[in-house]
Each structure stands twice: as C-alpha cells, then as structure tokens.
Amino acid sequence: MGLKGFVEGGIASIVAGCSTHPLDLIKVRMQLQGENHQVRPAPASLGTNIPVTGPPRVGPVAVGMRIIQQDGAAALFSGISATVLRQTLYSTTRMGLYDVLKIRWTDPETGNMKLWKKIGAGLIAGGIGAAVGNPADVAMVRMQADGRLPAAQRRNYKSVVDAITQMTKNEGIGSLWRGSSLTVNRAMLVTASQLASYDQIKEAILEKGVMKDGLGTHVTASFAAGFVASVVTNPIDVIKTRVMNMKVEPGKVPPYAGAADCALKTIRTEGPMALYKGFIPTISRQGPFTIVLFVTLEQVRKLLKDF
C-alpha cells in the first residue's frame with residue numbers, strides 16, 4: 001500500500017504539473033516584476049526612502065501575450081523538463097508520504113482521521129518532499145524566468161540536466177539547495193493546506209449528502225483546496241522565486257542575504273502587497289492544478305485498485 005501511494009501520487013502530479021505549466025511560468029514572471037527597482041534617498045525632512053517609479057505592472061493575460069509575441073507559443077513551456085523532474089521528486093515523495101501517514105494515523109475503529117493529524121501529515125510529507133526536489137525547483141524557476149532577461153544576460157539552459165550541471169559547475173553544489181528553507185516552508189504549507197483541506201472538504205460533502213462520491217465532489221473539493229493553498233502560500237512563494245532566481249556573481253554581494261532580507265527589501269521598495277504579486281495566476285494555476293491532481297489521482301486509484 002505504501003509504494004502504491006507513491007506511484008499514484010507521482011502519476012497524478014506529473015499530469016497536473018505539465019498541464020498547468022504555462023500558468024506557472026506566467027506566475028513566476030509576474031512575481032519578478034519590479035524586482036530590480038531601486039530605492040532613492042528622500043529629502044531629510046521625510047526621513048524615509050522612496051521607491052523609484054518603474055514600468056507599469058501588467059496582468060497575467062498581458063504577460064502571456066508578451067511571451068508569445070517575443071519568443072513564440074512554445075516559450076510558454078520553457079522549463080517543462082524541470083517541472084517533470086520536480087514533480088517526480090517532490091510531489092511523488094509528498095503524496096506518497098502523506099498517504100503512508102494517513103493510513104497509519106487513521107482511527108481503525110471509525111475509519112476517520114482528525115483534521116490536526118491531516119495537517120501534521122501534510123507538514124511532514126511536504127517538508128521531506130521539498131528537500132528532495134529543491135534542485136529541480138531552482139532549475140525550473142531559472143528556466144521559467146530566463147525569457148524576461150535581455151538576450152545577452154540569459155542563462156540559456158538547454159534542459160533541467162544542463163541547468164543542474166551548470167549551476168554545480170559555476171556556483172557550487174550548494175546552489176542546488178538555494179532557497180531550500182523557503183521551499184521546505186512553502187511545501188509544508190502547500191501540502192498541509194492542499195491535501196488536508198481536500199480530504200476534509202470531501203469528507204464533509206459526503207457526510208452531509210450534498211453530493212455523491214464522484215467527479216462533481218472531486219472537482220468541488222479540489223478547487224476549494226487550491227484556493228486555500230494559494231492564499232496561504234503566495235507570500236512565501238514570491239520570496240522563494242526571487243531568492244532562487246538571483247544572480248550571485250563572484251566577488252560581489254548577493255542581491256539578497258537571505259529570505260528575511262528579500263522580504264524586507266521587497267516590502268520596502270514595492271509595498272506589502274508585493275508579497276501577493278502573481279496571486280491571480282497563482283490561483284488560476286493552483287485551482288486547475290489541484291483539480292487535475294485530485295481528479296487524476298482518483299481515477300488512477302480506480303485503475304490500480306486491484307494491484
């Protein structure tokens with residue numbers, strides 16, 4: 001049963017990740033908007049700094065159209081090899097571990113699992129999964145963000161293997177775990193909010209007789225779970241994206257000293273709501289991703305029920 005959970009979760013995650021990759025790419029591009037704006041000193045009488053006015057921020061549709069116009073429709077799938085590897089490592093691990101813990105922690109008499117145990121299982125599974133998949137996550141963010149840079153400044157990774165190889169060679173093996181604390185924290189929150197809320201909402205729908213166990217229930221519960229996960233994780237996702245994407249040049253001070261420094265600089269230069277940059281594409285991606293994930297998972301479970 002334990003191995004089966006990893007297989008089922010892995011298949012569902014890869015299908016969901018590939019089908020929503022363009023939305024994830026748009027989300028990353030939006031989260032990086034305004035990142036390079038500087039802070040100019042204000043008059044002494046004001047005693048504060050004033051962000052330099054940068055180019056206007058654009059919405060997800062405009063970002064998507066710009067990508068297509070500049071690099072073609074295929075550019076919407078930049079970094080998809082990293083997505084496949086990330087889902088194979090990260091999501092397979094978290095989904096499988098959550099399933100194992102769910103089986104172990106479910107009350108054998110009632111067949112129920114308390115919400116706090118679901119959240120605990122999600123936190124543990126998400127943290128371990130993120131630690132395993134962080135190299136692919138860094139590669140994915142960089143490959144998705146590359147197209148926003150001038151041609152001369154692009155990294156031009158050919159694939160996720162090339163990205164990991166170049167990062168190890170040019171920046172050291174430690175660069176593969178850059179932002180790992182953020183990745184782990186985000187994954188813990190995502191897994192706990194996404195998987196626990198899906199199970200809880202699905203159980204509530206079935207117990208109250210609102211719908212029967214079928215596609216309608218799966219879609220409703222998964223969309224609600226996607227919304228919860230988006231609200232909880234967007235701020236840490238913005239910081240994670242920026243820390244992973246930063247260029248660290250030899251002999252120069254890194255743009256960010258760490259997650260806290262990145263958060264402070266982002267808020268100081270762009271305002272607190274900058275932590276919710278990309279929220280529309282986040283929920284636009286998280287909703288469909290979660291729906292595809294759980295609907296596919298339920299179907300895969302049916303196909304593999306006799307194994």
*Identify whether the distance between the nearest side-chain nitrogen and carboxylate oxygen of Asp24 and Lys27 falls below 4.0 Å.*
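Salt bridge: yes.
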*Run the salt-bridge test on Arg142 and Glu171 with the 4.0 Å N-O cut-off and return the result as yes or no.*
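The answer is yes: the pair qualifies as a salt bridge.
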Nearest non-hydrogen partners of [X] and [Y], listed with the distance:
X      : Y      : answer
Thr296 : Val292 : OG1-O, 2.6 Å
Ser197 : Val228 : OG-CB, 4.4 Å
His21  : Thr83  : ND1-OG1, 2.8 Å
Ala192 : Ala196 : O-CB, 2.8 Å
Ile67  : Ala75  : CG2-CB, 3.7 Å
Val243 : Gly258 : CG2-O, 4.3 Å

In one Ile/Leu/Val/Met/Phe/Trp/Tyr side-chain cluster, 4.5 Å: [X], [Y]:
X      : Y      : answer
Phe6   : Trp105 : yes
Val61  : Val63  : no
Trp177 : Met167 : yes
Leu195 : Val190 : no
Leu89  : Met244 : yes

*Any cation-pi pair here, Arg155 with Tyr157, using under 6.0 Å and within 45°?*
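The answer is no, since Arg155 fails at least one limit relative to Tyr157.
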*Between Phe227 and Phe279, what is the ring plane arrangement, given parallel below 30°, perpendicular above 60°, and tilted in between?*
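Phe227 vs Phe279 ring planes: perpendicular.
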How long is the straight-line distance from [atom2] of [Y] back to [atom1] of [X], given to the nearest 0.5 Å?
X      : Y      : atom1 : atom2 : answer
Lys117 : Leu101 : NZ    : CG    : 11.5 Å
Phe294 : Phe289 : CZ    : CZ    : 8.5 Å
Ser222 : Glu298 : OG    : CD    : 9.0 Å
Ile239 : Asp261 : CD1   : CG    : 10.0 Å
Lys240 : Gln31  : NZ    : CD    : 7.5 Å
Asp99  : Leu3   : CG    : CG    : 11.0 Å

Expected output: side-chain [X] to main-chain [Y] donor-acceptor under 3.5 Å:
X      : Y      : result
Tyr276 : Val231 : yes
Asn245 : Thr241 : no
Arg29  : Pro60  : no
Asp107 : Asn112 : no
Asn185 : Ser181 : yes
Lys4   : Leu304 : yes
Thr92  : Gln87  : yes
Thr191 : Met188 : no

*May I have the step-by-step check of side-chain contact (heavy atoms from CB on, under 4.5 Å) for Gln194 and Tyr98, ending in yes or no?*
CA-CA 11 Å; Gln194 187 185 66; Tyr98 180 81; over 6 Å; no
Taking the side chain as every heavy atom from C-beta outward, state whether [X] and [Y] have any pair of such atoms under 4.5 Å apart.
X      : Y      : answer
Ser78  : Leu25  : yes
Ser13  : Leu293 : yes
Leu275 : Glu270 : no

*NZ/Lys114: more than 12 non-hydrogen atoms of other groups inside 6.0 Å*: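 Incorrect, the count does not exceed 12.
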_Can you confirm whether Arg154 is buried at CZ, in the sense that more than 12 heavy atoms of other residues, nucleotides or ligands lie under 6.0 Å from that atom?_
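Enclosed.
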_Between Ile26 and Met30, is the side-chain contact (heavy atoms from CB on, under 4.5 Å) condition met? List the steps._
CA-CA 6 Å; Ile26 291 171; Met30 290 186 69; 4.2 Å; yes
Cut-off 3.5 Å, no hydrogens considered: what does the side-chain donor-acceptor table look like for residues 123-133, sequence neighbours left out?
none

_Taking side-chain contact (heavy atoms from CB on, under 4.5 Å) as the definition, give me every residue that meets it alongside Val160, ordered by chain and number, with sequence neighbours left out._
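Expected list: Ser81, Ala82, Leu85, Ala139, Ile164.
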*In chain order, what residues pass the side-chain contact (heavy atoms from CB on, under 4.5 Å) check against Val84, with sequence neighbours excluded?*
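Only Cys18, Thr88 meet the side-chain contact (heavy atoms from CB on, under 4.5 Å) criterion with Val84.
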*side chain to side chain contact (heavy atoms under 4.5 Å, CB included) with Val210: which of Ile205, Thr220, Thr217?*
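Only one of Ile205, Thr220, Thr217 forms a side chain to side chain contact (heavy atoms under 4.5 Å, CB included) with Val210, namely Ile205.
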*asked:* Checking Met140 against Asp137 for the side-chain contact (heavy atoms from CB on, under 4.5 Å) test, could you report, in this order, the C-alpha distance in whole Å, the side-chain angles of both residues, the deciding distance, and whether it holds?
replied: CA-CA 5 Å; Met140 183 185 71; Asp137 208 356; 3.5 Å; yes
*asked:* Under the criterion side-chain hydrogen bond (donor to acceptor under 3.5 Å, both in side chains), I'd like the reasoning laid out for Thr282 against Asn234: C-alpha separation, chi angles, the key distance, then a yes or no.
replied: CA-CA 7 Å; Thr282 293; Asn234 202 88; 2.9 Å; yes
*For Val138 and Leu176, run side-chain contact (heavy atoms from CB on, under 4.5 Å): C-alpha distance rounded to whole Å, both residues' side-chain angles, the deciding distance at 0.1 Å, then the answer.*
CA-CA 7 Å; Val138 177; Leu176 299 179; 6.0 Å; no
*asked:* Does Lys118 form a side-chain hydrogen bond (donor to acceptor under 3.5 Å, both in side chains) with Gln200? I'd like the steps, not just the answer.
replied: CA-CA 9 Å; Lys118 294 173 185 171; Gln200 194 71 16; 2.7 Å; yes
